[in-house]
Amino acid sequence: MDVLVLIGRLLFVPLFLGSAVGHLTKSGDMAQYAAAKGVPAARLAVIGSGLLQLVAGLSLLLGIWPDLGALLLVLFLLPTAVLMHNFWAQSDPGAKTAETLHFQKDLALAGAALMLFAFFAHLGDDLGLTMTGSFFDLS
């Protein structure tokens with residue numbers, strides 16, 4: 001089971017690390033888009049969300065308090081779904097479809113991250129192939 005969880009982490013994390021790099025290297029462009037979506041303090045939000053994804057992604061990848069890393073991803077994904085993919089505000093059918101898909105993707109990823117959080121927080125040190133045990137204890 002340890003190897004399967006490690007493979008799952010390796011498959012789950014690149015999306016967030018890649019997004020973190022984009023947020024941090026293209027923050028100006030991303031801030032313009034976020035501002036157009038009504039995100040307050042868009043530049044700060046983009047940089048902050050990039051750092052959040054980087055820390056969370058590395059936490060899961062390296063197995064350093066992976067429960068905390070998973071929880072941080074939930075805290076990133078839920079507001080992102082609502083603020084950036086507000087399909088209900090779209091009048092163009094194509095834009096509405098695209099935003100609906102992104103909204104649902106973010107919710108699905110948040111659900112997966114929440115399950116990872118519970119998994120790591122419950123099993124803690126009993127789950128191998130991590131550098132540390134869990135930050136939280138749900139056992």
Side-chain angles (χ1 to χ4, degrees):
M1 178 154 119
D2 291 342
V3 172
L4 291 177
V5 174
L6 175 61
I7 293 169
R9 288 178 12 224
L10 294 174
L11 293 173
F12 189 67
V13 166
L15 173 71
F16 301 104
L17 293 180
S19 181
V21 169
H23 278 70
L24 297 172
T25 61
K26 298 176 182 164
S27 60
D29 293 338
M30 291 189 143
Q32 285 180 346
Y33 180 67
K37 289 287 199 168
V39 174
R43 177 91 180 204
L44 183 60
V46 166
I47 292 169
S49 62
L51 291 172
L52 183 76
Q53 289 180 87
L54 181 64
V55 168
L58 289 174
S59 168
L60 277 169
L61 179 69
L62 300 173
I64 299 171
W65 291 336
D67 57 332
L68 180 59
L71 187 58
L72 290 174
L73 287 179
V74 173
L75 295 176
F76 163 73
L77 287 161
L78 292 178
T80 298
V82 173
L83 293 173
M84 299 303 294
H85 305 300
N86 56 342
F87 64 90
W88 54 89
Q90 303 300 317
S91 57
D92 176 67
K96 188 177 198 96
T97 298
E99 293 298 355
T100 299
L101 290 171
H102 287 296
F103 181 85
Q104 291 172 338
K105 170 199 53 110
D106 282 356
L107 287 185
L109 288 168
L114 190 60
M115 287 186 283
L116 282 173
F117 164 72
F119 186 56
F120 283 113
H122 178 70
L123 293 175
D125 294 338
D126 291 336
L127 185 63
L129 304 177
T130 59
M131 295 179 77
T132 69
S134 59
F135 185 81
F136 298 96
D137 182 9
L138 298 181
S139 55

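Along the sequence shown, residues carry numbers from 1. What you see below is based on every heavy atom in this structure, not just the backbone, and it leaves out hydrogens, waters and symmetry mates.
Both Leu15 and Leu72 sit in one connected hydrophobic cluster of ILVMFWY residues. Membership requires side-chain heavy atoms under 4.5 Å apart, directly or through other members. Val21 and Met84 are assigned to two separate hydrophobic clusters, defined by single-linkage of ILVMFWY side chains at heavy-atom distances under 4.5 Å. One hydrophobic cluster holds both Phe119 and Ile7 under the rule that ILVMFWY side chains link at heavy-atom gaps under 4.5 Å. There is a path of hydrophobic side-chain contacts, each under 4.5 Å, that joins Phe12 to Val3. Grouping the Ile, Leu, Val, Met, Phe, Trp and Tyr side chains by contacts below 4.5 angstrom, directly or via other members, places Val39 apart from Trp88.
If you run side-chain contact (heavy atoms from CB on, under 4.5 Å) between Leu58 and each of Leu17, Val13, Ile64, only Leu17 comes through.
Considering CD of Gln90 and NE2 of His85, their distance stands at 11.0 Å, rounded to 0.5 Å. Here the CG atom belonging to Leu62 is positioned 11.0 Å from the OG1 atom belonging to Thr130, to the nearest 0.5 angstrom. Separation of atoms CG (Leu52) and CD1 (Ile47) is listed at 13.5 Å; rounding is to 0.5 Å. In this structure, OG in Ser49 is found 12.5 Å from CG in Leu75, a value given to the nearest 0.5 Å. In this structure, CG in Leu24 is found 9.5 Å from CE in Met30, a value given to the nearest 0.5 Å.
In this structure, Ala56 and Gly69 approach most closely via the heavy-atom pair CB-O, 3.3 Å. Closest non-hydrogen pair, Gly124 versus Ser134, comes out as CA-OG, 3.5 Å. For the residue pair Arg9 and Leu129, the shortest heavy atom distance occurs at NH1-O, 3.0 Å. Of all heavy-atom pairs spanning Leu60 and Leu73, the tightest one is CD1-CD1, 3.6 Å. The shortest non-hydrogen separation linking Gly50 to Ala20 is O-CB, 3.3 Å. Nearest heavy-atom pair across Asn86 and Lys37 is OD1-NZ, 3.4 Å.
Put simply, the side chain of Asp92 gets close to the backbone of Ala95: a donor and an acceptor are under 3.5 Å apart. Between the side chain of Ser59 and the main chain of Val55, no donor-acceptor pair closer than 3.5 Å is present. Of the possible polar contacts, one joining the His23 side chain to the Ser19 backbone as a donor-acceptor pair under 3.5 Å is found.
Side-chain contact between Asp2 and Leu6: absent, with no pair of heavy atoms (C-beta onward) separated by less than 4.5 Å. Two residues are said to be in side-chain contact when any heavy atoms from C-beta on lie closer than 4.5 Å; Leu61 and Leu10 meet this criterion. The side-chain heavy atoms of Asp106 and His102, taken from C-beta on, include no pair separated by under 4.5 Å. Looking only at side-chain heavy atoms (C-beta outward), Leu138 and Asp67 stay at 4.5 Å or farther from each other. Under the 4.5 Å side-chain criterion, counting only non-hydrogen atoms from C-beta, Met1 is in contact with Leu123. Between Leu71 and Phe135 there is no side-chain heavy-atom pair separated by less than 4.5 Å. For the pair Gln104/Phe87, no side-chain contact is recorded, criterion being any heavy-atom separation below 4.5 Å from C-beta on. Two residues are said to be in side-chain contact when any heavy atoms from C-beta on lie closer than 4.5 Å; Tyr33 and Val46 fail this criterion.
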Begin from the C-alpha positions of Leu109 and Lys105 and carry the test side chain to side chain contact (heavy atoms under 4.5 Å, CB included) through to its verdict. CA-CA 6 Å; Leu109 288 168; Lys105 170 199 53 110; 3.9 Å; yes
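Taking the six-membered ring where the residue is Trp, Phe76 and Phe16 present perpendicular rings, their angle passing 60° and hence far from 30°.
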